[in-house]
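Throughout, protein chains are lettered first and strands after them, A, B, ... in sequence-line order, and every chain is numbered starting at 1. This is a predicted model, so every value here is computed, not measured.
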Amino acid sequence: MVSERWLQIPVGMRDLLPDDTARVRAVSERIVRQMARWGYREVTTPTLEYLDVLVRGEGAETADRLFKLIDRRGEVLALRPEMTTPVARLVATRLGGEPLPVRLAYAGQVFRGGESGPGRLREFPQVGGELIGSGTLEADAEIVALAVNSLAAAGVAQFSVSLGHVGFLRGILAGLRLAEPEEATVRALLYQKDFVGLRPLLERHGASPKSIDALLALPALRGPDALVQARRLVDTPEGRDVVRDLTELRDMLDAYGVGDAVTVDLSIIRDFEYYTGIVFEGHTTALGVPLLGGGRYDRLLERFGTPSPATGFAVRVERVLAAGGPREETWAPDVVMAFADGSRAAALACARDLRAQALIVTVEVLGRPWDDVAREALARGAGRAVLVRRDSAVVRNADGEEREVALADLRALARSGGSPP
Amino acid sequence: MTPVTIAVPSGRLMEGAMAALETAGYLSAEVWRSTRRLLLPGVDGRVRCLIAKPADLLTYVEHGAADLGITGKDMLLEHSSDVYELVDLGFGFCRGVLAVPAGAADGWEKKSPLRVATKYPRITERYFRSRGRPVEIIAMNGTVELAPQVGLADAIVDLVMTGRTLRENSLVEAAELFRSTARLVVNRVSLRSRAEAVAEVVERMRAAAARGAAPSSA
């Protein structure tokens, strides 16, 4: 009911309670820290960008999927749907003089205003990295290895990265020698992953049986034999280049020590207008959607005035958590403190000292009797309940045992790093 | 090894789907006919079947709750889910048509905007947009054929098999929008992370379809 809007949040959005918020933050931080060790420095871009910027980066059709708004001057703005385009804009406008390559990381919320549906979040956190200024296989290998290390750092127990190349599919399509309108219909079916409709369509367009077989073999083209099979199926210059590049990449990834986590997979289909080289996805068997996606996108930066090769990836943090990351322990304070009449200053001084030693301390503000405070706190997992009196403190532990200690001893114990007795 | 999960549609395509799974050696007829359970174990424990409403089936497969699914092409055209469509299973043939009341067979094209009742709002909208014709779509969940009679719509877009429903409601076919048969679809992660198990299911279902052993629904 509209009248109860104040109790609701918009479709596709969600609140995160303390445990989940802590988990999201922990995963993001682990990934950003891992990237920092590889030289990727975090940048920040605005949540709101001009619509023109986002459309320039990703094409006119993107506009349909964005949350758009109009500001007071009539400018159309939109909430960013991803961070690669904003980072490209940032690099083009502010980092033009930097020595190449530029290694950047980011962590932020992104927004997709398209259809909401079961399990479709319209706002979610992404963490990613971009390696800008190098068109070499060396750079591709680094970014894929970093992606593998990022998932490991995030605590995903079992995962695999599938590595493909848009050049392979483009090579097959070029080999068909179709006019653009016909090739567009073939591409449309490929983007939809409709391998049933492909055969009759290709036959109608007069494609050779060999090309038809090559395209229909695509969904199965993965694994150690994939490159061998690919070589047999696609004997065009572009196809041969791809096979050679992926073979070399595989060796480089072995040198990075991530060879076992990466599988060559030529069935990966991603937008050819955007990606220009390798494309890859990370996934885990526990989840039906990918955890991360990325690839080479050499044509993006020239749209912002500074042509530059680039490659990168983004991790869907909420999916990493859905896959069952490490469970943090149930939260509870280390010390729950109350004070007797006249002992407020002494108690707060103790609390300050304990907190300075990185202990979690809460002080009773409801005015309840100490026995009640202590019983409830310990039952809910607090480390100790402490009642501060003028010169001494009573300390009770989870077993109900009580001791009296001098205040000085209580604060000293914390300073030495041990928990209170 | 967790079993591969195949989502099977209840309703119109269920018989054909179960027959195909039986021919492929995954299900025994007694199992599925004798129980009202929605989660059925397969013959050798490597596969299990999840019975789902057609409207929900693609959601199960897209999210990975099922590794594969059997669904009509009509659903795929309507929902553009991110799944791999790999096999035409050959059964469940029907056509998606635009139908108008018999009396309006000549004049319907002049109506603007045309009010069309349908379970396929997206397919219908695409069809009329590609012809540059304004249309007002009334999305419904069932008994679409009644809409013109009660004044809710000028025309309908609905599935046709024998044509009996149209005839009984004094509707005539004005155009064909699509053709549909049952398809085998696969979740994009399962295709990769359970490659061998999934590939085997795909091949056995492909062979079952080729043997033509799956009967087409009446």
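Of residues 281-294 of chain A, those residues with a non-hydrogen atom less than 4.5 Å from any non-hydrogen atom of chain B are, in numerical order, A/Glu281, A/His283, A/Thr284, A/Thr285, A/Leu287, A/Gly288, A/Val289, A/Pro290. Against chain A, no residue from residues 38-50 of chain B qualifies, as none has a non-hydrogen atom under 4.5 angstrom away. For residues 179-187 of chain B, heavy-atom neighbours of chain A at less than 4.5 Å comprise B/Arg183, B/Asn187, sorted by residue number. Of all residues spanning residues 183-204 of chain A, those with a heavy atom less than 4.5 Å away from chain B's heavy atoms are A/Gln192, A/Lys193, A/Asp194, A/Phe195, A/Val196, arranged by number.
The 12-atom threshold is not exceeded at CG of B/Asn141, counting heavy atoms of other residues, nucleotides or ligands nearer than 6.0 Å. By the 6.0 Å contact criterion, CD on A/Glu180 is enclosed, its count of non-hydrogen atoms from other residues, nucleotides or ligands being greater than 12. Counted within 6.0 Å of NZ on A/Lys68, heavy atoms from surrounding residues, nucleotides or ligands total more than 12; the atom is thus considered enclosed.
Without hydrogens or angle criteria, A/Arg222 side chain to B/Leu191 main chain gives a donor-acceptor distance under 3.5 Å.
Going from atom OH of B/Tyr84 over to atom CD1 of A/Ile269 covers 5.0 Å, rounded to the nearest 0.5 Å. The CZ atom of A/Arg120 sits 5.0 Å away from the CD atom of B/Glu62 when rounded to the nearest 0.5 Å.
In this structure, chain A has no heavy atom under 4.5 Å from any part of B/Val61.
The residue among B/Ser193, B/Ser81, B/Gly64 with the most heavy atom pairs within less than 4.5 Å of chain A is B/Ser193.
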